[in-house]
Number of protein chains: 2
Amino acid sequence: MNHEIGIVDVAKAAGVSIATVSNVINGKGRVSGETRRKVERIIAELGYTPNLPARHLKTNRSDLIGVVVPTMQPGRLQDNPFYWDLLAGVEEGARDGRYHVILTGIDEERETLAFVKERRLDGLIVVGAGEGSPLVPRVAALGVPAVFIDSYLRSPELNQVVLDDRSGAHAATAHLIGLGHRRIALLTGDMPPEQLPYFGVLYERLLGYRDALEEAGLPYEGDLLLRLPTSLEGGFEAARHVAALPDVTAAFAFSDVMAMGLVKGLREQGKRVPHDYSVVGFDNLFVSEYTAPALTTVSQDILAKGRVAVRMLLGQIDGVGDPARRIVLPAELIVRETTGPAGAANARNN
Amino acid sequence: MNHEIGIVDVAKAAGVSIATVSNVINGKGRVSGETRRKVERIIAELGYTPNLPARHLKTNRSDLIGVVVPTMQPGRLQDNPFYWDLLAGVEEGARDGRYHVILTGIDEERETLAFVKERRLDGLIVVGAGEGSPLVPRVAALGVPAVFIDSYLRSPELNQVVLDDRSGAHAATAHLIGLGHRRIALLTGDMPPEQLPYFGVLYERLLGYRDALEEAGLPYEGDLLLRLPTSLEGGFEAARHVAALPDVTAAFAFSDVMAMGLVKGLREQGKRVPHDYSVVGFDNLFVSEYTAPALTTVSQDILAKGRVAVRMLLGQIDGVGDPARRIVLPAELIVRETTGPAGAANARNN
DNA sequence: CCAATCGGATAAAACGTTTTATCACCAGTA
DNA sequence: TACTGGTGATAAAACGTTTTATCCGATTGG
């Protein structure tokens, strides 16, 4: 007799049909104020809670949106405490729309994405799948509303939200140039150059760097690009190379973790920051303000990124919202203590 | 005619009953090798994928496990890049068991947890709900398998996985004592003392600190406890108080972020670490190795925490596994550069 | 006064599975 | 021969919703 109470029990107790109860729950068909109130009272009394799987079977939906992140995708800033904020933004937005978020890390090569169809996911948010990623066509083929974060995909059919990486990198580089630096090393990450466009985020930052050089009439020199992993260790190792490059007085790292590794590495070489070298990072991690010295960096509002993406996705799901577009979020340069005027070291040396 | 193909289509195409198809899918009833192969072939040919909501309706399950985290719970180290690793561990473990993870941040006071029943979640992982939290009885009342992470709940009925905070704190304190420090400031967080036991993690660390003092025959002095927020800012502010405490030569912070704030604050006061003050943190964040100086801290394997928790939960769901227990994971002291012998400053001053 | 409209409610048919009870068949055994 | 037991397969009854088509007044319009 320990039977979960369902819509039929409510109907019976209220003396109405189950269709009416359903209508009350979903606020759909026509039902008089009086019966509505009665049904609602009964629902509360009985403590009825709907059986969502049943509803989902009938409606062919799931009220679930999937967030897909790469588990170990090379070239991503995988060690960053980056995803959490993003996820927090998504989750918050989804919950307002009575959706829930289902998270899954995927293996680029193998993953079949079958669960999307199986579970009848209502939408998908894909993080960090670049232009060349096999994931992109696979997701598109699913026929499910989707939005890509940090992807810079060329197809105008796809919904995207990205940071204005190019402007951010431009601002960072221009800041260094304004301080008198002429040769600025670049820590780009270690993917092969011909693949760089596939990692759109990094490519855009490279473009921003070039923009700023060009604007200042400075040459873009290939030997200033350091291809090392986008990690603390990579940045640390980069210090050796930076120190060996003649006339280089500044470095721009494409992530804060790299920048932190670099600062540490430079110090171990006996170099001081910003006295001997200026350093700029990218991301503005919450710790970047508290490193010593505090890191000059490009800030992005990751939480907002998540919020914007989910809002866009829900719009797609509900059929409202523009057919497809790319939303670009602003990047902001935050000047702290790792950057200073060029020539300080030279002045001392002379 | 654009009809999603279901189990009936497979059955028709294979010339068998739907029951048989169901059996081969689930590997349940008896079905001959021959027909099994035939059905499997048809399934592949037709590209059939099961409709999970339908299955879930029938089986009254969801193959979903929920992860519940506090959104803004006071006293938690909310800014830490902590949750992501935990979640990664959980997700990995769940996926092996064909479960998926549904994430939700909850508002302690308001949240009704209704979605657990509505969606027929198979299990719940609750993070950081202390002994006094209203969440705990609510989860227990749900009657769903659950495991609590970082909770230190007294009830032996509840499944828990925690770090060995007490031993970790003991090791940290003993390390400082071994270096000759006699008065060690403690950055505990800012919850009122009488509520401290509710934040089990912090309380255990306090106990570990006391253990070490007692072992060394040192007094436990209440005025060494600094009640400031468990954040970078809190640690930063603590520096003023630490500097004002007579004869204090070391500090133990209950999180790395606090420790980092403290180091920064001390430096702004003109104090050097570890020359004037030794500092120990807790957590071993991935950045802690790269701060300057590198942080001495207590390390915990957060990924493993997630993995262990989900394994425990799946055991509960499947009915195997011990009825209920508390798993304690080891903590390890990592000595880096923020700790050094006491008396260095005194020696200089004299 | 008849037809048309409308508000309120309902019966019953799905939705795509799993599962229980049953069946047909055959081989061995009494 | 009749019975038992096992193997392979199936028909049909759920599971708890949503939704479509229908119905029954009562009101309105001509």
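Lettering of chains follows the sequences in order, A, B, ..., and the numbering in each one begins at 1.
- One interatomic measurement links the two molecules: OH of Y48(A) to C1' of dG16(D), which rounds to 8 Å at whole-angstrom precision.
- The distance from atom NZ of K28(A) to atom P of dT17(D) is 16 Å, rounded to the nearest whole Å.
- D150(A) pairs with exactly one of K305(A), Q300(A), Q160(A) by the side-chain hydrogen bond (donor to acceptor under 3.5 Å, both in side chains) rule, that one being K305(A).
- If you measure from atom CZ of R120(A) to atom C1' of dT17(C), you get 11 Å, rounded to the nearest angstrom.
- Under 4.0 Å is where a charged nitrogen must lie from a carboxylate oxygen, and between R41(B) and E45(B) at least one such pair does.
- Note: NZ (K38(A)) to C1' (dG8(C)) measures 13 Å, nearest angstrom.
- N26(B) comes within 4.0 angstrom of sugar-phosphate atoms only, judged by non-hydrogen atoms across all strands, and of no base.
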Report, as a single string ordered 5' to 3', how protein heavy atoms within less than 4.0 Å touch nucleotides 4-15 of chain D: B base, S sugar-phosphate only, - not at all. ----BSBB--BB

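- What separates CD1 of I43(A) from P of dT17(D) is a distance of 10 Å, to the nearest Å.
- In this structure, the CD1 atom of I25(B) is 9 Å from the C1' atom of dT17(C), given to the nearest Å.
- The nearest pair of heavy atoms linking N159(A) to A146(A) is ND2-O, 2.9 Å.
- When only modelled atom types and interatomic distance are considered, H100(A) and R95(A) share no side-chain donor-acceptor pair under 3.5 Å.
- The CZ atom of R119(A) sits 18 Å away from the P atom of dG16(C) (whole-angstrom rounding).
- Following rounding to the nearest Å, I7(A) (CD1) and dT19(D) (C1') show an atom-to-atom distance of 12 Å.
- Remark: the R120(A) side chain and the N60(A) side chain contain an N/O donor-acceptor pair separated by less than 3.5 Å.
- Listed pair S22(A) / dT18(D) meets the phosphate criterion, a side-chain N or O lying under 4.0 Å from OP1 or OP2.
- Side-chain atoms of T104(B) and E91(A) include a donor-acceptor pair closer than 3.5 Å.
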